[in-house]
Amino acid sequence: MRSDLVFGALSHVSNRYQLCQLASKATRKLHKPTTRLQDTTNEVLYRFHGSNPAAISPALPVKASPVQQRRAA
């Protein structure tokens with residue numbers, strides 16, 4: 001049932017408004033045209049139950065590429 005999924009996801013997100021915002025963004029990104037929107041929403045809430053959606057993932061260090069300078073002719 002979806003209410004169980006919502007309460008499970010609220011264990012990681014303290015604010016219901018923030019949960020709705022995160023769930024709607026994730027649903028838009030994960031939705032496939034051949035599936036029902038309700039199923040995608042349930043899948044997102046199930047994923048939120050297992051992990052913290054508001055956690056910032058560690059960024060990988062990006063190597064700076066050397067800047068090429070042009071010489072005047």
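- To the nearest 0.5 Å, atom NZ of residue Lys29 and atom OG of residue Ser24 are 11.0 Å apart.
- Between the side chain of Thr40 and the main chain of Arg36, a donor-acceptor pair closer than 3.5 Å is present.
- Counting only heavy atoms from C-beta outward, the side chains of Tyr46 and Asn42 never approach each other to under 4.5 Å.
- Across all their heavy atoms, Phe48 and Ala9 have their closest contact at CB-CB, 3.7 Å.
- A distance of 7.0 Å separates CD in Gln38 from OG1 in Thr41, rounded to the nearest 0.5 Å.
- Taking OG1 of Thr27 as the reference point, atom CG of Leu22 lies at 10.5 Å (rounded to 0.5 Å).
- Of the inter-residue distances, the one linking Thr34 atom OG1 with Asp39 atom CG reads 10.5 Å to the nearest 0.5 angstrom.
- With values rounded to the nearest 0.5 angstrom, His31 atom NE2 is found 5.5 Å from Leu37 atom CG.
- We find the OG1-CD distance between Thr35 and Glu43 to be 8.0 Å, quoted to the nearest 0.5 Å.
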